[in-house]
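Note that these values count all heavy atoms, side chains included, but never hydrogens, waters or copies made by symmetry. Each residue takes its place number in the sequence, starting with 1.
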Amino acid sequence: MNGTMVEFQANDGMAAGYLSLPPSGRGPGLLVLQEWWGLVDHIKALADRFAAAGFVALAPDLYRGEQATTPDDAQRLLMALDMPQTAHALRGGAEYLRAREAVAPKKVGAIGFCMGGQLALYSATAHPDMIDAVVDFYGIFNPNVPVDLSALRAPVQAHFGEHDRSIPRERAEQLMADIAATGVRAETYFYDAGHAFFNDTRAVVYHPDAAALAWERARTFLRQSLA
């Protein structure tokens, strides 16, 4: 790991996250939002990867120190997620990035995976003044996440697996159609892969070709949107 754990203000409390800086020392800000496993080494490594690509990357610890090792644990932590507290952490993370001298220009994107993909979209609707671009990897909204798409101002890019049994293509397409109807730029990509195809720590789901293509698309989109 090349980054460090930091603390930042989140409403009237504090939140923690993993911060990784680009080699140049400067770049746009990027929130890297976890899967339902928590702030595990894979997410930290992704923050490092985006930092190496030129972003000041912050991965907030949305489970406040807890991590899951089994799907049952992950489901428990997901269901226990406090959405008002999470909303404060997302805004606090974006404010923390914008306040750092290293973040230049003063723009912040949000990228997330599965649960984090939902939250990346949510952050841009709850805090449209803070989030300037969204990349969603295989995340669609559930009833526990209050979303007002009419508040969306940021462009959105989304990546889904054709063989994702948890997210049928028609549901993904409907979400992106609803987003496009707001007038923002909306890009949608489908891959010959299943759920979590970007996670290179899980051999059973990782799809290297799809992941490589999605990486290039996401990196290019964020660079352009946060320039």
Using a 4.5 Å cut-off on heavy atoms from C-beta on, say whether the side chain of [Y] contacts that of [X].
X	Y	value
Pro60	Phe8	yes
Glu66	Arg76	yes
Leu119	Leu81	yes
Arg219	Ile111	no
Arg202	His42	no
Cys114	His195	yes
Pro22	Val56	yes
Gln85	Arg64	yes

Quiz item: Would Thr188 and Leu175 satisfy side chain to side chain contact (heavy atoms under 4.5 Å, CB included), going step by step from the backbone distance to the final call?
Solution: CA-CA 10 Å; Thr188 313; Leu175 169 64; over 6 Å; no
Heavy-atom pair of closest approach, residues [X] and [Y]:
X	Y	value
Thr182	Ile179	OG1-O, 2.6 Å
Val135	Ala218	CG1-CB, 4.1 Å
Pro105	Leu226	CG-O, 3.2 Å
Arg100	Lys106	O-NZ, 2.5 Å
Ala210	Ala193	CB-CB, 4.2 Å
Tyr138	Asn199	OH-N, 4.1 Å

Exercise. Kindly write out the residues that satisfy side-chain contact (heavy atoms from CB on, under 4.5 Å) with Thr70, not counting sequence neighbours, or none if the list is empty.
Key: Asp72, Asp73
What is the distance from atom [atom1] of [X] to atom [atom2] of [Y], rounded to the nearest 0.5 Å?
X	Y	atom1	atom2	answer
Trp215	Leu46	CH2	CG	8.0 Å
Ser225	Arg185	OG	CZ	5.0 Å
Phe198	His207	CZ	NE2	13.5 Å
Asp192	Phe197	CG	CZ	11.0 Å
Leu30	Leu97	CG	CG	8.0 Å
Tyr63	Asp82	OH	CG	12.5 Å

Are [X] and [Y] connected in the hydrophobic side-chain network, where two residues link if heavy atoms are under 4.5 Å apart?
X	Y	answer
Val205	Met115	no
Met14	Leu31	no
Leu213	Tyr206	no

Quiz item: Side-chain donor-acceptor pair under 3.5 Å between Asp209 and Tyr191, yes or no?
Solution: no
Backbone of [Y] reached by a side-chain donor or acceptor of [X] within 3.5 Å:
X	Y	value
Gln34	Ile43	no
Thr220	Arg217	no
Arg223	Ala53	yes

Quiz item: In terms of heavy-atom contacts, does CD of Glu101 have more than 12 from other residues, nucleotides or ligands at under 6.0 Å?
Solution: no
Practice problem: For residues 86-95, pull every pair meeting side chain to side chain donor-acceptor pair (under 3.5 Å), keeping only residues two or more places apart or in separate chains. | Solution: Asn11-His88, Arg91-Glu95, Arg91-His127, Arg91-Asp129
Exercise. Please test Asp132 against Arg98 for salt bridge (charged side-chain N to carboxylate O under 4.0 Å, His left out), starting from the C-alpha separation and ending with a verdict.
Key: CA-CA 11 Å; Asp132 300 293; Arg98 285 177 178 269; 2.7 Å; yes
Exercise. Among Trp37, Trp36, Phe137, find the one that has a ring-ring contact (aromatic ring centres under 6.0 Å, His included) with Phe113.
Key: Phe137
Quiz item: Of Thr4, Asp41, Asp48, which is the lone residue that meets side chain to side chain donor-acceptor pair (under 3.5 Å) with Tyr18?
Solution: Asp48
Quiz prompt | Working for side chain to side chain contact (heavy atoms under 4.5 Å, CB included), residues Thr125 and Leu149 | solution = CA-CA 6 Å; Thr125 62; Leu149 286 180; 4.2 Å; yes
Exercise. Given side chain to side chain contact (heavy atoms under 4.5 Å, CB included), test Val147 with Leu121 step by step and report yes or no.
Key: CA-CA 8 Å; Val147 175; Leu121 284 169; over 6 Å; no
